[in-house]
Undergrad: 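What follows is a single structure, and I will ask about it in a moment.
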Protein chains: 2
Amino acid sequence: MSPNEPGGLRERKKLATREALSAAALRLALEHGPENVRVDDIAEAAGVSPRTYNNYFSSREQAIVAALAAERALRVGAALRARPADEPLADAVVAAVLDLCTSTDEPSGDALTLITSNPALRKAFVQTLTEIEQPLAAAIEARTGTRGLAPTVLAAAVSAAARVALENWVSPAPGNPLLVVPQGSLAELMREALGHVAPALDAADH
Amino acid sequence: MSPNEPGGLRERKKLATREALSAAALRLALEHGPENVRVDDIAEAAGVSPRTYNNYFSSREQAIVAALAAERALRVGAALRARPADEPLADAVVAAVLDLCTSTDEPSGDALTLITSNPALRKAFVQTLTEIEQPLAAAIEARTGTRGLAPTVLAAAVSAAARVALENWVSPAPGNPLLVVPQGSLAELMREALGHVAPALDAADH
DNA sequence: ACACAAAAGTGCGTGCACGCAAAAATGCGC
DNA sequence: GCGCATTTTTGCGTGCACGCACTTTTGTGT
């Protein structure tokens with residue numbers, strides 16, 4: 001009566017299809033370029049109907065980015081849980097988010113360059129950062145014991161800061177010169193951006 | 001050589017079509033319900049071709065919400081500039097954003113209920129809050145004199161907090177009970193949410 | 001083993017977003 | 001007024017997202 005738990009065979013198959021789709025999407029995008037990949041191609045490569053593809057992803061870009069996105073979402077949660085419980089909230093959060101920047105650069109470098117070099121994919125990838133809000137909020141709630149708006153707001157603020165850092169990294173100056181040249185590593189940018197919201201985290205860390 | 005300034009006749013006509021489109025979109029949505037309004041209808045009501053409509057808006061929802069959104073974007077900037085220069089940054093920002101909640105409730109009540117009662121429109125409306133980041137960032141930069149990431153990050157954090165408040169207002173509990181019942185006014189929610197990011201603003205207010 | 005309920009997959013039809021290139025409108029210098 | 005460069009509008013074609021109803025698969029209870 002409950003094949004909805006991770007143990008269920010149904011769930012596993014569903015996850016398998018999802019991964020097959022995103023893997024196929026990423027592979028095809030790498031092979032033929034993002035613009036030359038049609039939804040039908042992805043569906044066929046994954047062995048499902050085009051319509052089924054749309055049951056899993058609501059945009060081509062989302063499918064291509066999904067693989068990296070999912071890994072990142074899991075990593076944040078794990079990283080935050082791995083921090084010592086007595087560490088200040090701000091430090092723990094910063095460390096957890098930074099872990100995303102340092103580790104993710106390696107696994108599939110060509111995938112990252114593909115994504116960052118395509119506007120539509122960049123947008124989808126940045127959008128991905130929104131998905132870390134939920135795990136972040138949960139972790140913050142667990143740490144502080146606070147309930148209500150606070151954890152959600154703080155998680156959203158952190159996510160927003162990370163988004164700004166990421167945007168400034170991929171496209172240094174969309175119109176304005178931007179005094180601080182972001183040629184530095186993403187980690188540096190991220191650290192600075194998070195630093196600006198850290199006071200809010202400190203205030204909530206009773 | 002510069003009909004791009006507000007004085008140019010070309011610019012005025014462009015703005016006029018835009019307003020005609022969004023006005024038509026909102027009116028038709030109010031009359032027949034959001035789902036029963038096709039893009040062609042909006043275009044015809046505004047006296048332009050369907051293709052032209054897409055040169056102005058990239059989604060039906062965006063067109064419907066645009067009228068309210070534009071007014072709000074202007075209002076934030078004005079509200080922030082209207083605050084005394086020696087007021088603490090956090091207070092000024094909170095006041096400016098709150099102004100959005102208190103004033104906007106009145107102009108077109110039925111439009112608001114229409115928007116809040118439709119998921120797709122809600123999404124578009126919430127998305128609108130992103131547009132206040134730019135004016136906010138500019139205003140913060142002007143106040144603090146700080147340049148670089150700080151103003152952008154802070155504006156993003158404020159916008160994110162406002163977004164959370166708005167989301168919790170329109171749909172109190174999407175899954176979880178949420179201890180603090182958000183039946184209170186939007187202004188109250190907003191005030192609390194912004195309060196959680198206020199420390200970050202204080203820290204930047206030299 | 002069998003039947004049955006739930007859930008995932010599928011086909012179809014509709015409306016939409018958007019690139020591209022041609023056509024109309026606009027503003028400027030003469 | 002006149003023609004020219006620029007901008008805006010438009011028509012067309014393509015690919016896509018998604019609701020709906022239907023089929024197939026899967027897990028469970030008997």
Side-chain angles (χ1 to χ4, degrees), chain A residues 1-22 24-26 28-29 32-66 118-124 127, chain B residues 1-22 24-26 28-29 32-66 118-124 127:
Chain A
M1 210 212 219
S2 57
N4 298 342
E5 278 104 57
L9 194 154
R10 225 158 187 162
E11 276 303 303
R12 272 181 293 161
K13 271 199 101 168
K14 206 175 168 183
L15 197 71
T17 330
R18 186 183 190 84
E19 287 175 353
L21 278 168
S22 69
L26 180 55
L28 290 178
H32 311 124
E35 309 299 337
N36 303 326
V37 176
R38 280 184 295 281
V39 166
D40 297 18
D41 304 333
I42 301 176
E44 190 183 9
V48 296
S49 90
R51 184 63 183 85
T52 295
Y53 151 86
N54 261 328
N55 288 342
Y56 286 88
F57 301 105
S58 53
S59 90
R60 212 173 66 259
E61 292 75 22
Q62 188 183 348
I64 298 177
V65 167
N118 180 296
L121 290 183
R122 275 207 305 268
K123 189 176 169 187
Q127 169 89 21
Chain B
M1 210 216 217
S2 56
N4 298 342
E5 277 102 58
L9 194 156
R10 228 158 185 164
E11 276 303 302
R12 271 181 293 160
K13 270 199 102 167
K14 206 175 168 185
L15 197 72
T17 9
R18 185 183 189 84
E19 286 175 354
L21 277 169
S22 70
L26 181 56
L28 290 178
H32 311 122
E35 309 300 337
N36 303 326
V37 176
R38 280 184 295 281
V39 166
D40 297 17
D41 304 335
I42 301 176
E44 190 184 9
V48 296
S49 90
R51 184 63 184 84
T52 295
Y53 151 86
N54 260 326
N55 288 342
Y56 287 87
F57 300 105
S58 54
S59 90
R60 213 174 65 259
E61 292 75 21
Q62 190 184 348
I64 299 177
V65 167
N118 180 297
L121 290 183
R122 273 207 307 267
K123 190 176 168 187
Q127 169 88 20

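Order of the sequence lines fixes the chain letters, A, B, ..., with proteins taken first and strands second; residue numbering starts at 1 for each chain. It should be emphasised that the depicted structure is a prediction, and the values quoted were computed from it without experimental measurement.
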Undergrad: Tell me the interatomic distance from Gln62(B), atom CD, to dC18(C), atom C1', rounded to whole angstroms.
TA: 14 Å
Undergrad: In this structure, how many angstroms lie between the P atom of dT8(D) and the CG atom of Asn54(B), rounded?
TA: 16 Å
Undergrad: In whole angstrom, what separates Glu61(A)'s CD from dG15(D)'s C1'?
TA: 12 Å
Undergrad: Show the distances under 3.5 angstrom between N or O atoms of the protein and N or O atoms of nucleotides 9-13 of chain D.
TA:
residue, atom, partner, partner atom, Å
dT9(D), OP1, Tyr56(B), OH, 3.1
dT9(D), OP2, Tyr56(B), OH, 3.0
dT10(D), OP2, Ser49(B), N, 2.9
dT10(D), OP2, Thr52(B), OG1, 2.4
dG11(D), O6, Arg51(B), NE, 3.1

Undergrad: dA8(C) P sits how many Å from Arg18(A) CZ, rounded?
TA: 12 Å
Undergrad: Can you tell me how far the CG atom of Leu21(A) sits from the CD1 atom of Ile64(A), to the nearest 0.5 Å?
TA: 12.0 Å
Undergrad: List the steps, then state whether side-chain contact (heavy atoms from CB on, under 4.5 Å) holds for Ser22(B) with Tyr56(B).
TA: CA-CA 9 Å; Ser22(B) 70; Tyr56(B) 287 87; over 6 Å; no
Undergrad: Working note: Glu11(B) + Leu15(B), criterion side-chain contact (heavy atoms from CB on, under 4.5 Å); need CA distance, chi angles, decisive distance, verdict.
TA: CA-CA 6 Å; Glu11(B) 276 303 302; Leu15(B) 197 72; over 6 Å; no
Undergrad: Over how many whole Å does the gap from Leu15(A) atom CG to dA8(C) atom P extend?
TA: 12 Å
Undergrad: Scan side-chain atoms only and decide if Asn118(B) and Arg122(B) contain a donor-acceptor pair under the 3.5 Å cut-off.
TA: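 Not at all, the side chains of Asn118(B) and Arg122(B) share no donor-acceptor pair under 3.5 Å.
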Undergrad: Hey, could you give me the CD/CD distance between Gln127(A) and Gln62(A), rounded to the nearest 0.5 Å?
TA: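 Going from CD on Gln127(A) over to CD on Gln62(A), the span is 8.5 Å.
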Undergrad: Hey, does the side chain of Thr17(A) reach the backbone of Lys13(A) with a donor-acceptor pair shorter than 3.5 angstrom?
TA: yes
Undergrad: Whole-Å distance between dC16(C) P and Glu35(B) CD?
TA: 11 Å
Undergrad: Please answer whether the main-chain N or O of Val37(A) pairs with a side-chain N or O of Asp41(A) as donor and acceptor at a distance below 3.5 Å.
TA: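 Judged by distance alone, no pair lies under 3.5 Å.
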Undergrad: Give the residues of residues 36-44 of chain A touching DNA chain D, defined as any heavy atom closer than 4.0 Å, sorted by residue number.
TA: Val37(A), Arg38(A), Val39(A)
Undergrad: When you measure from the side chain of Glu11(A), which nucleotide among dA8(C), dA17(C), dC18(D) comes out closest?
TA: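 Shortest atom-to-atom distance from the side chain points to dA8(C).
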Undergrad: Using the test side-chain contact (heavy atoms from CB on, under 4.5 Å), find all partners of Arg60(A) that sit at least two apart in sequence or belong to another chain.
TA: Glu35(A), Val39(A), Ile42(A), Tyr53(A)
Undergrad: How many angstroms lie between atom OG of Ser49(B) and atom CZ of Arg51(B), to the nearest 0.5 angstrom?
TA: 8.0 Å
Undergrad: Would you kindly give the CZ-to-C1' distance between Phe57(A) and dC18(D), to the nearest whole Å?
TA: 16 Å
